[in-house]
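Accompanying notes for the structure given below.
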Amino acid sequence: MDELKCYFKKIHNQLEAGFNKTYKKYGLTSTQLDVLIYLSQESCMENTLTDIAAHFGVKHTSVIHVLKLLEKKGLICKSTVQGSRTKPILLTGDGMQLCNRLISKMQQESPLLDEIMFAGLSENDRQYLKKMLRQIYRNLESDAFKNM
């Protein structure tokens with residue numbers, strides 16, 4: 001079983017390193033890009049630190065660092081609405097423009113990434129893998145795992 005966990009970690013590391021290399025020229029890490037994409041897709045909502053942390057399943061402290069970096073780069077800002085304890089996080093014009101450009105780039109490259117990642121797997125294999133990974137994810141979201 002430890003071998004399976006090791007493969008999950010290795011796959012994550014390979015993907016993370018590849019994405020970081022690709023987006024370094026834009027001054028972004030894959031984590032920063034993930035947050036930008038989330039904000040662009042949820043732009044009709046007032047996204048707070050809590051919303052972002054919940055979406056990615058991480059602690060607030062992990063998100064705070066990423067948001068500070070994105071704000072320093074001028075890609076996001078906190079809403080200036082008064083009277084609310086939580087400040088919605090918004091993409092700036094530059095943030096939206098960069099995000100749209102990178103989403104377009106990702107959509108063009110996605111078929112190639114899929115071809116590389118899933119080479120040697122039939123469509124049935126891919127569907128079964130998706131089903132298994134979905135189940136593993138649900139298991140890890142369970143109270144049984146959280147209360148270990």
Side-chain angles (χ1 to χ4, degrees), residues 1-80 86-142 145-146 148:
M1 195 55 92
D2 287 337
E3 185 179 8
L4 288 175
K5 289 186 272 184
C6 186
Y7 276 116
F8 277 112
K9 183 67 175 166
K10 286 180 175 183
I11 290 167
H12 169 77
N13 290 344
Q14 286 285 71
L15 288 169
E16 189 87 5
F19 292 139
N20 283 338
K21 181 181 171 192
T22 300
Y23 299 110
K24 184 177 183 177
K25 61 184 155 206
Y26 300 99
L28 295 173
T29 65
S30 65
T31 302
Q32 292 168 358
L33 180 58
D34 288 343
V35 171
L36 290 177
I37 290 171
Y38 170 77
L39 290 171
S40 76
Q41 292 172 342
E42 303 296 328
S43 61
C44 60
M45 296 175 51
E46 289 191 349
N47 295 294
T48 64
L49 171 65
T50 301
D51 297 326
I52 296 167
H55 175 78
F56 290 105
V58 297
K59 296 183 186 226
H60 287 75
T61 52
S62 301
V63 177
I64 289 170
H65 177 69
V66 174
L67 293 176
K68 282 183 181 179
L69 291 171
L70 291 172
E71 191 170 21
K72 190 175 183 180
K73 293 175 184 185
L75 301 174
I76 65 165
C77 62
K78 292 181 184 139
S79 174
T80 56
T86 58
K87 302 286 184 202
I89 297 155
L90 310 166
L91 284 174
T92 63
D94 287 346
M96 184 60 83
Q97 186 177 20
L98 178 60
C99 195
N100 288 338
R101 195 165 90 218
L102 293 177
I103 288 171
S104 176
K105 178 179 171 50
M106 289 168 64
Q107 288 170 339
Q108 292 170 354
E109 294 173 350
S110 183
L112 178 59
L113 177 60
D114 285 358
E115 190 177 310
I116 293 167
M117 270 182 51
F118 302 117
L121 297 178
S122 70
E123 185 57 35
N124 285 342
D125 291 340
R126 290 169 80 164
Q127 291 303 316
Y128 190 61
L129 175 62
K130 184 178 179 179
K131 180 181 175 183
M132 289 188 299
L133 291 173
R134 191 178 294 132
Q135 183 60 51
I136 291 168
Y137 183 75
R138 279 195 297 262
N139 294 344
L140 294 175
E141 282 187 311
S142 72
F145 178 74
K146 290 176 184 175
M148 273 182 58

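Note that the numbering runs from 1 along the sequence shown for the chain. Basis for what follows: all heavy atoms, side chains included, without hydrogens, waters or symmetry-related copies.
Under a cut-off of 6.0 angstrom, the local environment of CD in Q14 is sparse, with at most 12 non-hydrogen atoms contributed by other residues, nucleotides or ligands. Within 6.0 Å of OH in Y128 there are 12 or fewer heavy atoms belonging to other residues, nucleotides or ligands.
For the 3.5 Å distance criterion, the side chains of D51 and T48 qualify, holding a donor opposite an acceptor.
For the side-chain hydrogen bond (donor to acceptor under 3.5 Å, both in side chains) test, no residue two or more places apart in sequence or in another chain qualifies with H55. Under the side-chain hydrogen bond (donor to acceptor under 3.5 Å, both in side chains) criterion, D125 pairs with S122, sequence neighbours left out. The salt bridge (charged side-chain N to carboxylate O under 4.0 Å, His left out) search around E16 returns none, not counting sequence neighbours. Under the salt bridge (charged side-chain N to carboxylate O under 4.0 Å, His left out) criterion, E141 pairs with no residue at all, not counting sequence neighbours. Partners of K78 by salt bridge (charged side-chain N to carboxylate O under 4.0 Å, His left out), not counting sequence neighbours, listed by chain and number: E71.
Between atom CG of residue N124 and atom CG of residue L129 there is a gap of 12.5 Å, rounded to the nearest 0.5 Å. The CG atom of L98 lies 9.5 Å from the CG atom of L91; values are rounded to the nearest 0.5 Å. To the nearest 0.5 Å, the span separating CD1 on I103 from CD1 on I37 amounts to 5.0 Å. Atom CD1 of I11 is separated from atom SG of C6 by 10.0 Å, given to the nearest 0.5 angstrom. Separation of atoms CG (D2) and NZ (K9) is listed at 14.5 Å; rounding is to 0.5 Å. For the atom pair CG of L113 and CD of E115, the computed distance is 10.0 Å after rounding to the nearest 0.5 Å.
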Pair Q32-L75, side chain to side chain contact (heavy atoms under 4.5 Å, CB included): steps then yes or no: CA-CA 10 Å; Q32 292 168 358; L75 301 174; over 6 Å; no
Assess the residue pair Q127 and K130 against the criterion (side chain to side chain contact (heavy atoms under 4.5 Å, CB included)); give the C-alpha distance rounded to whole Å, side-chain angles, the decisive distance to 0.1 Å, and a yes or no. CA-CA 5 Å; Q127 291 303 316; K130 184 178 179 179; 4.2 Å; yes
Worked check of side chain to side chain contact (heavy atoms under 4.5 Å, CB included) between Y38 and N47: CA-CA 9 Å; Y38 170 77; N47 295 294; 3.2 Å; yes
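The shortest distance between side-chain heavy atoms of Y23 and L102 falls below 4.5 Å. Here the side chains of E123 and R126 are in contact, with some heavy-atom distance below 4.5 Å. In this structure the side chain of F8 reaches within 4.5 angstrom of the side chain of I136, judged on heavy atoms. A heavy-atom distance below 4.5 Å is found between the side chains of S110 and D114. Annotation: side chain of L36 is in contact with side chain of I76 (closest heavy-atom distance under 4.5 Å). By the 4.5 Å heavy-atom criterion applied to side chains, V66 and I52 are not counted as neighbours. Counting heavy atoms from C-beta on, the side chains of V63 and F56 never come closer than 4.5 Å.
Heavy atoms only, all atoms of each residue included: F145 and N139 are closest at CB-O, 3.7 Å.
Listed by first then second residue, pairs satisfying side-chain hydrogen bond (donor to acceptor under 3.5 Å, both in side chains) with a partner in residues 57-70 read T50-H60, not counting sequence neighbours.
Here the options are N20, L70, D34, the test is side-chain contact (heavy atoms from CB on, under 4.5 Å), and the partner is L28; only L70 passes.
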